[in-house]
Q: 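The structure follows.
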Number of protein chains: 2
Amino acid sequence: MAKIKRNRNGTRKDVIIAKAAKLFREKGFSATSMRDLAEHVGVEAASLYNHISSKAEILQEICFKTANNFMSHIEEVDATPNKTAIEKIQAILRFHIKQMLDNYEEVYVSDREWKHLTDPYLSNMQSQRRAYRQRIASVIEEGIRKGEIKPIDAPTAVLIMLHAVSGIESWHRSKKKIAGEVLEDNMVQILVDGLRKQA
Amino acid sequence: MAKIKRNRNGTRKDVIIAKAAKLFREKGFSATSMRDLAEHVGVEAASLYNHISSKAEILQEICFKTANNFMSHIEEVDATPNKTAIEKIQAILRFHIKQMLDNYEEVYVSDREWKHLTDPYLSNMQSQRRAYRQRIASVIEEGIRKGEIKPIDAPTAVLIMLHAVSGIESWHRSKKKIAGEVLEDNMVQILVDGLRKQA
DNA sequence: ATAAAATGCTAACAAATGTTAGCGTGAATT
DNA sequence: AATTCACGCTAACATTTGTTAGCATTTTAT
């Protein structure tokens with residue numbers, strides 16, 4: 001009988017999805033049951049279906065919302081004039097880090113659990129991810145041509161960047177957290193200029 | 001009736017664990033059923049229990065074997081005399097990359113699925129992972145003190161390194177694979193010296 | 001050759017899974 | 001005040017889950 005309390009500006013569906021994102025992150029999509037989710041929402045499992053149509057739909061919403069978010073941003077960055085390749089890379093990195101700090105649960109889930117999507121969503125997500133990586137690779141290749149970036153294998157650089165950023169997961173769990181901006185600066189610096197001290 | 005074919009030098013249990021690692025990687029631990037595993041092994045689900053005692057045990061074996069492997073290596077590196085901090089970091093990185101290339105399934109599973117361990121194994125794994133990261137952080141801090149490494153936040157550097165390496169997963173899936181050694185060189189170079197071309 | 005051990009099978013189990021049906025109640029709309 | 005709609009509940013469903021029991025057969029050791 002106790003209704004789902006929705007936050008101001010949000011539907012009850014949003015509440016469910018937010019709680020689901022948290023559980024999917026903690027236990028994974030497959031290991032999270034609808035009864036589990038219901039309990040955290042404060043309702044019986046069957047009641048969830050007044051707001052969502054299936055467990056799969058929840059994952060879809062999380063994944064595609066996040067993916068669109070990143071895709072929009074990179075298009076914006078790429079379209080901005082007068083930016084060096086390094087600046088573009090920095091902007092992309094900082095956006096990733098900020099997203100990881102602000103929308104931790106959803107970004108994390110979307111990155112780790114998208115494999116549990118089912119077709120046609122699965123194929124769709126796969127090509128979106130491929131396209132996204134390809135765009136970053138292009139920026140890097142542009143930088144290499146212009147002599148700003150050293151001639152390394154661009155796809156390798158992309159996967160290092162993206163996975164490095166996803167490491168913020170560990171930061172989230174860590175007790176002695178350093179501040180978000182410090183973290184951001186450190187990550188960008190290490191990726192752009194490396195660990196070694198230059199003489 | 002068809003028996004599990006074991007490879008030379010390996011028990012049937014090893015075969016099961018190898019197949020399990022592959023499935024756990026592809027679908028995740030929770031989404032892989034024992035019947036699923038049995039089918040890939042070529043046997044009925046119940047027959048698996050002549051070789052293993054539970055699904056959980058399979059995950060335990062994969063995770064702890066891998067963890068011990070990494071722990072042994074870092075102890076060895078750390079004990080080697082006449083090595084600069086940068087050289088130690090490079091050795092650790094190269095070992096990670098090599099492990100990821102040679103024992104892909106198990107390393108990947110152990111990194112992504114250890115959360116599904118149950119206590120006491122879960123706690124045990126958590127502290128092993130913490131200890132491992134701490135050791136790397138110490139190497140970095142040593143390097144900072146000696147002026148080889150720029151003064152960045154060591155835990156941040158560790159998480160970047162480790163997650164960057166786990167990005168080889170994408171490389172594995174990629175069609176146009178570059179050679180293993182080239183990948184290794186690229187990764188080490190990017191992490192140690194960064195993306196930016198030095199003037 | 002015979003006993004013991006290893007390994008496979010079928011059948012079955014209890015529990016957990018996602019989901020639907022149908023009903024009741026309070027809030028919103030007419 | 002009457003009606004509709006939103007949203008919660010309980011009960012139930014068909015599958016799927018990990019696992020065990022019991023038996024048959026093959027392999028190994030005596």
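Quick caveat: nothing in here was measured; it's all calculated off a predicted structure. Below, chains carry the letters A, B, ... as their sequence lines are ordered, and counting in each starts from 1.
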Q: Please give, in whole Å, the distance from D/dG18 P to B/Leu48 CG?
A: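 B/Leu48 atom CG is separated from D/dG18 atom P by 10 Å.
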Q: Hey, does the side chain of A/Arg12 come within less than 4.0 Å of D/dC7's phosphate (OP1/OP2), counting only N and O?
A: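 For A/Arg12, the contact criterion (side-chain N or O under 4.0 Å from OP1 or OP2 of D/dC7) is met.
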Q: Taking B/Asp185 for its side chain and B/Val182 for its backbone only, find out whether a donor-acceptor pair lies under 3.5 Å.
A: no
Q: According to salt bridge (charged side-chain N to carboxylate O under 4.0 Å, His left out), does anything in residues 26-36 of chain B pair up with another residue at least two apart or in another chain? List the pairs.
A: B/Lys22-B/Glu26, B/Lys27-B/Asp36
Q: If the cut-off is 4.0 Å, is A/His51 near the phosphate of D/dG8, judged by side-chain N/O to OP1 or OP2?
A: yes
Q: Distances under 3.5 Å between protein N/O atoms and the N/O atoms of nucleotides 16-18 of chain C, please, pair by pair.
A:
unit_1 : atom_1 : unit_2  : atom_2 : d
C/dG18 : OP1    : A/Thr32 : O      : 3.4
C/dG18 : OP1    : A/Lys55 : NZ     : 2.9
C/dG18 : OP2    : A/Met34 : N      : 2.8
C/dG18 : N7     : A/Arg35 : NH1    : 2.9
C/dG18 : O6     : A/Arg35 : NH2    : 3.0

Q: Please give, in whole Å, the distance from C/dG8 C1' to B/Glu44 CD?
A: 9 Å
Q: Does this structure show an ion pair linking A/Glu148 with A/Lys88, if we count only N-O contacts that are shorter than 4.0 Å?
A: no
Q: Take N1-N3 plus N6-O4 or O6-N4 for Watson-Crick, N1-O2 plus O6-N3 for G-U, both under 3.5 Å. Which runs of 3 or more such pairs involve DNA chain C?
A: C:1-30 with D:1-30
Q: How many whole angstroms separate atom CG of B/Asn50 from atom P of D/dT19?
A: 14 Å
Q: Could you check whether atom CD of B/Glu57 has more than 12 heavy atoms from other residues, nucleotides or ligands sitting under 6.0 Å from it?
A: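 Above 12, so yes.
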Q: Counting only side-chain heavy atoms from C-beta out, which of C/dA11, D/dA11, C/dG8 sits nearest to A/Ala46?
A: D/dA11
Q: Rounded to the nearest angstrom, tell me the gap between atom NZ in B/Lys13 and atom C1' in C/dG8.
A: 18 Å
Q: Take atom CD of B/Glu39 as the centre, draw a 6.0 Å sphere, and report whether it contains more than 12 heavy atoms from other residues, nucleotides or ligands.
A: no
Q: The test is ring-ring contact (aromatic ring centres under 6.0 Å, His included); show your working for B/Phe95 and B/Phe70 and say whether it passes.
A: CA-CA 8 Å; B/Phe95 184 76; B/Phe70 280 102; 5.5 Å; yes
Q: Please report, rounded to the nearest Å, how far the C1' atom of C/dC9 is from the CD atom of B/Glu39.
A: 16 Å
Q: At less than 4.0 Å, is any side-chain N or O atom of A/Ser47 found next to OP1 or OP2 of D/dC7? Yes or no.
A: no
Q: Count the heavy atoms belonging to other residues, nucleotides or ligands that lie under 6.0 Å from OH of B/Tyr132, then report whether that count exceeds 12.
A: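 More than 12 within 6.0 Å, yes.
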Q: Do B/Asp111 and B/Arg129 meet the salt-bridge criterion of a basic N to acidic O distance under 4.0 Å?
A: yes
Q: When the distance from CD1 of B/Ile16 to C1' of D/dG18 is rounded to whole Å, what number comes out?
A: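 After rounding, the gap between these two atoms is 15 Å.
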Q: Return the value, rounded to whole Å, for the distance between atom CD1 of A/Ile52 and atom C1' of D/dC7.
A: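 In whole Å, D/dC7 C1' lies 14 Å from A/Ile52 CD1.
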Q: Decide if atom NZ of B/Lys83 counts as having more than 12 heavy atoms of other residues, nucleotides or ligands within a radius under 6.0 Å.
A: yes
